[in-house]
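Throughout, protein chains are lettered first and strands after them, A, B, ... in sequence-line order, and every chain is numbered starting at 1. From a predicted model like this one, the values you see are computed outputs, not experimental measurements.
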Amino acid sequence: MKDMEVTVIENREVIKDHFLLKAKVKGRIPAFRPGQFVMVKIQGPQVFLRRPFTAYECEKDTISILYKVKGVGTRVLSKMKRGEKTFILGPCGRGFSITERELYVVIAGGIGVAGVNLLIKSLKKNVWIFFGTSSSSNLSLLGNLTNYDLFISTLDGTYGKKGDVISLFREKIDDLKNKDVEIFACGPKEMYKSLKDALLKYRLPCQVLYEERMACGMGLCFGCVVETLDPKDPIKRVCYEGPVFSLWELSL
Amino acid sequence: MGTFPLELFGKKLRNPVMNASGTLGYGKEIERLWKISTLGAFVTKGLSVFPHKGNPQPRILDLGFGMLNSIGLQNFGIKRFLEEYTEFFIRRKTPVILNIFGFTEDEYVECGRLIGENPAVLALEANLSCPNVKQGGIIFGKDPKIVGRIVRGLKSVTKIPVLVKLSSEVTDIVEIAYAAYEAGADGLTLINTLPGMWKERDTLVRGGISGPFLKFLALKAIYDCKRSLPIPIVGAGGIMNVKDAILFLEAGCSAIQVGTATFLDPLAIPKIVKGLKAYFKRGQKW
């Protein structure tokens, strides 16, 4: 883990309110596991704390994050210009754990695709991607993930199956029952609740990337906790014991 | 005027810099960035007799100029800390200040009893100022009689020096501090976060406000207590950099605690330690 001084080399709007920020690090960046995140110092008068973002792409001296403007922090971040300097702490948290499987299923809800991009790239083959978004205008969030087996749903029905991504996933779930499969997911809490319901039938292994508001990003403040079913330590820190948890471990 | 290295409660500390309770976890987490032995002493997050799960989400709010936290003193209990962490701090030659709290007066005293004799422990810091719990904390810290009773209780069950951490959100902090002193407190930690509130998802959330603005309140409390009481004061509240640290030491603090600054800059503490070393090397004293 390092607190890296970085220079913004790109901060462009991919689709409305969604930005891709690319930053150059002095020297080499430490190795990131898919699902690990960074704490970005946002330079602005109304922002005090750093903000967490999953590493979207990592090269030897550049790191990217894909984010949606949701509040003050991300709004100020979206105004950062090429050449501006800031600090990025990372890699934070524990990422996805990847074991050899016959098939990998990745489910992403909306901007959740930012959390699984690095994972999908590292899986390379036998990957099914379920991507759910509000409308076809958001499809460019997929970037170059279009080379994979894609299943798409839109809430307004303008592309793919009309409805939410878990309903789409439910249609394929029987195809998975005899396969050696691991599921990965990134999206809002409500999505995890319905994913858990969908998976109860076969109880397939599933890792989810959980999000919570954070102050420190490294296990110091206990601000970002989530309740789990672990009898010894039920309250876990998303930034330290997570952000990746087994879906079956979470008390949703 | 103080000296460097510092002597506190008869023990030599490498430097006068501590973390504020609850801002460095249980102590091991930060070692991915720097060694805990960078500190003069490590202050634990608030520990209680029984494990406590703390408050539900939301726990954090960015105020733009500071933060509001509603952690609610989540911890796994004082016994587990002593069992699992004592050796770690002995190996790191880093004295520990155990921040303790209870939901009743008896629970505070029971914390003191549970510690026994522990070579890693420099002092207890009785948290009589946490704004995040409905019972105990700041409610006790506003009443000089209760403060006195808790300190006397602790002094009767342990030989370990007792620091009392107080809030400035009282009519007269000197009156409370004097009650602690009269009951045998060995030192004061001034101050804690300030109570605040916000509304989110239709729920009112109570929390403690911290950030650089706190230093102005802390310095006033420190100045007032320093004039009236002959016991060491550990300064806390809004210390963001070495300049702030020097200001607190000059105001009469024996040591200082750095809290929220670590969240903004995880290297804030090593930077302050380095800056103070350079300051003292130039022959400056506090």
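For A:Lys2, the part sitting under 4.5 Å from any heavy atom of chain B is the backbone (N, CA, C, O) and nothing else. Proximity to chain B (any heavy atom under 4.5 Å) is shown, for A:Pro234, by neither the backbone nor the side chain. Contacts of A:Leu49 with chain B are made by both backbone and side-chain atoms, with heavy-atom separations under 4.5 Å. In this structure, chain B has no heavy atom under 4.5 Å from any part of A:Val72.
Between chain A and the options B:Lys28, B:Met67, B:Arg32, heavy-atom pairs under 4.5 Å are most frequent for B:Arg32. If you tally non-hydrogen atom pairs under 4.5 Å between each of A:Cys224, A:Gly44, A:Gly71, A:Ala215 and chain B, the highest count goes to A:Ala215. Highest contact tally toward chain A, considering only B:Thr262, B:Asn19, B:Thr260, B:Thr23, is held by B:Thr23 [criterion: heavy-atom pairs under 4.5 Å]. Between chain A and the residues B:Gly25, B:Gly66, B:Gly22, the most heavy-atom pairs under 4.5 angstrom are made by B:Gly66. Chain A forms the most heavy-atom pairs under 4.5 Å with one residue out of B:Asp265, B:Leu63, B:Leu61, B:Leu33, and that residue is B:Leu33.
Across all their heavy atoms, A:Leu89 and B:Pro266 have their closest contact at CD1-CG, 3.9 Å. Residues B:Ile71 and A:Gly223 come closest through the heavy atom pair CD1-CA, 3.5 Å.
Using a 4.5 Å cut-off on side-chain heavy atoms (C-beta onward), A:Phe48 and B:Pro212 make contact. Between B:Phe263 and A:Arg50, every side-chain heavy-atom pair lies at or beyond the 4.5 Å cut-off.
More than 12 heavy-atom neighbours from other residues, nucleotides or ligands sit within 6.0 angstrom of CZ on B:Phe65. Atom NZ of A:Lys121 has more than 12 neighbouring heavy atoms from other residues, nucleotides or ligands inside a 6.0 Å radius. Heavy atoms of other residues, nucleotides or ligands lying less than 6.0 angstrom from CZ of A:Arg82 number 12 at most. Atom NZ of B:Lys79 is surrounded by 12 or fewer heavy atoms from other residues, nucleotides or ligands within 6.0 Å.
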Donor-acceptor pairs under 3.5 Å, side chain of residues 38-45 of chain B to any protein atom, not counting sequence neighbours: which ones?
from    : atom 1 : to      : atom 2 : distance (Å)
B:Thr38 : OG1    : B:Lys35 : O      : 2.5
B:Thr44 : OG1    : B:Asn99 : N      : 2.9
B:Lys45 : NZ     : B:Gln74 : O      : 3.1

### Task
Under the salt bridge (charged side-chain N to carboxylate O under 4.0 Å, His left out) rule, what do A:Asp233 and B:Arg80 come out as? Steps first, then yes or no, please.
CA-CA 12 Å; A:Asp233 289 307; B:Arg80 189 162 155 198; 2.9 Å; yes

### Task
Would you check, one step at a time, whether the test side chain to side chain contact (heavy atoms under 4.5 Å, CB included) holds for B:Arg59 with A:Glu212?
CA-CA 10 Å; B:Arg59 288 186 168 189; A:Glu212 193 49 81; over 6 Å; no

### Query
When you look at B:Ile30 and A:Met218, which way does the side chain to side chain contact (heavy atoms under 4.5 Å, CB included) test go after all the steps?
CA-CA 7 Å; B:Ile30 196 69; A:Met218 50 190 307; 3.6 Å; yes

### Task
Report the C-alpha distance between B:Lys53 and A:Glu227 in whole Å, list the side-chain angles of each, state the deciding distance to 0.1 Å, and finish with yes or no for side chain to side chain contact (heavy atoms under 4.5 Å, CB included).
CA-CA 10 Å; B:Lys53 68 188 264 190; A:Glu227 197 150 354; 3.4 Å; yes

### Query
What's the verdict on salt bridge (charged side-chain N to carboxylate O under 4.0 Å, His left out) for A:Arg213 and B:Asp62, showing C-alpha distance, side-chain angles and the deciding distance?
CA-CA 10 Å; A:Arg213 210 175 288 176; B:Asp62 187 335; over 6 Å; no

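The distance from atom CZ of A:Phe87 to atom CG of B:Leu267, rounded to the nearest 0.5 Å, is 9.0 Å. Atoms SG and CD1, on A:Cys221 and B:Ile60 in that order, are 4.5 Å from each other to the nearest 0.5 Å.
If you look at B:Tyr26 and A:Phe222, their ring centroids are closer than 6.0 Å.
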